[in-house]
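Notes follow once the structure below has been shown.
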Protein chains: 2
Amino acid sequence: MEDQILRLLQKKQLRNTPARRALLDIFLSKGYALSQGELEALTEDSFDRVTIYRTLKTFEEAGVVHEVLDNQSRVKYSLCQDGCGGRHHHDNHLHFKCEQCEHTYCLPNTLSPRVEVPANYEARQVQVLVTGLCEHCREEA
Amino acid sequence: MEDQILRLLQKKQLRNTPARRALLDIFLSKGYALSQGELEALTEDSFDRVTIYRTLKTFEEAGVVHEVLDNQSRVKYSLCQDGCGGRHHHDNHLHFKCEQCEHTYCLPNTLSPRVEVPANYEARQVQVLVTGLCEHCREEA
DNA sequence: GTAACTGCAAAATATTTGCATCCTT
DNA sequence: AAGGATGCAAATATTTTGCAGTTAC
């Protein structure tokens with residue numbers, strides 16, 4: 001894991017700092033999208049919240065994480081799956097938010113469906129948020 | 001228009017108050033999704049911002065407006081098209097956000113596509129946000 | 001050494017709650 | 001008259017900016 005983190009930072013030409021290592025560690029171990037507030041809590045306030053905001057922005061611009069749509073209108077971030085870089089993100093998969101645990105997962109083996117928009121509209125990107133029950137919460141119900 | 005507003009309020013059993021009339025008037029004339037802040041500006045501060053927040057919440061619970069997903073993570077609202085009521089919303093259409101003017105439109109003649117989620121996940125709702133250029137901004141480009 | 005990263009203070013923005021008052025029905 | 005709607009004050013949450021000190025390379 002530690003190795004994976006260092007390689008990722010190197011690959012994206014980002015400096016190896018404690019805040020970045022800590023956030024990447026959390027992203028890798030949690031596996032679902034996280035907001036600044038959640039990251040602040042999970043790091044037990046080891047880092048200033050401004051640092052977390054800025055680190056997330058840096059990560060996004062470097063193609064390490066991407067923003068995830070959330071129906072509660074909170075910005076969450078998730079690790080990029082494929083070779084995103086610069087401002088070119090192509091995280092073209094669905095996102096699934098569980099109504100119960102409120103975690104948001106990337107569904108990487110899915111593709112956003114083609115959608116029809118009216119003539120005269122130019123569609124450039126399609127973001128899909130599916131809500132329902134995740135496998136874990138479904139078992140409990 | 002005035003007539004339409006009064007009928008809508010009556011149909012949803014909501015009291016006929018200045019704030020509600022003003023907000024409905026804006027929704028009907030603008031035709032795109034609006035946030036609390038935009039509504040506050042458009043009403044030229046005639047109403048306290050708390051009133052706008054509460055009116056929007058009331059509208060949503062009554063099935064007058066529905067929340068619209070926004071990729072900037074700001075909550076916007078749009079008039080319901082069909083017979084939404086109570087907490088049962090079935091505004092099952094796509095939303096289109098223009099990258100240029102940043103307005104978000106409902107595309108009522110579209111239906112959210114069926115999507116495949118992994119087994120063990122239970123999908124209950126699909127929300128789709130298409131981004132691109134609206135017809136108006138496309139002409140100008 | 002230098003540029004980049006971080007922490008702290010502070011401001012700007014967004015949202016919610018309680019309470020007293022006013023208005024709709 | 002009664003319950004609901006509104007305004008005001010204030011608390012909370014979220015995000016951004018500036019600057020000075022520190023760290024990675």
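Proteins come first, then strands; the chains are lettered A, B, ... in the order of their sequence lines, and each starts at number 1. Atoms considered below: every heavy atom in the structure, side chains included; atoms not considered: hydrogens, waters and symmetry mates.
- Here C/dA14 presents its P atom at 14 Å from CG of B/L34, a figure rounded to the nearest Å.
- When the P atom of D/dG7 is taken as reference, atom CG of B/D45 falls 11 Å away, rounded to whole Å.
- Rounded to whole Å, the distance from CD on A/E61 to C1' on C/dC5 is 14 Å.
- In this structure the side chain of B/R20 never reaches within 4.5 angstrom of the side chain of B/V64, judged on heavy atoms.
- Look at CD1 on B/I52: it is 15 Å from C1' on C/dT16, rounded to the nearest Å.
- Taking the six-membered ring for Trp and the full ring otherwise, A/Y121 and B/F96 have centroids separated by under 6.0 Å.
- Rounded to an integer number of Å, the gap from CG of B/L56 to P of D/dT6 is 11 Å.
- Within 4.0 Å of A/S46, counting heavy atoms only, lie sugar-phosphate atoms of the nucleic acid but no base atom.
- Using a 4.5 Å cut-off on side-chain heavy atoms (C-beta onward), B/V117 and B/E122 make no contact.
- The interatomic distance linking B/L9 (CG) with D/dG4 (P) rounds to 17 Å, in whole Å.
- For the pair B/L56 and B/L39, the minimum side-chain heavy-atom distance is below 4.5 Å.
- The shortest side-chain heavy-atom distance between A/C98 and A/H136 does not fall under the 4.5 Å cut-off.
- Atom C1' of nucleotide C/dC22 and atom CG of B/D48 are separated by 14 Å, given to the nearest angstrom.
- In plain terms, the two heavy atoms of B/P113 and B/V126 that are nearest each other are O-CG1, 4.1 Å.
- Between C/dT6 and A/T55, a contact under 4.0 Å exists linking OP1 or OP2 to a side-chain N or O.
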(request) Encode nucleotides 15-25 of chain D as B, S and - characters from 5' to 3', where the letter depends on protein heavy atoms closer than 4.0 Å: B to the base, S only to sugar-phosphate, - to neither. (result) BBBB-----BS
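- Going from atom CD of B/E40 over to atom P of D/dG7 covers 11 Å, rounded to whole Å.
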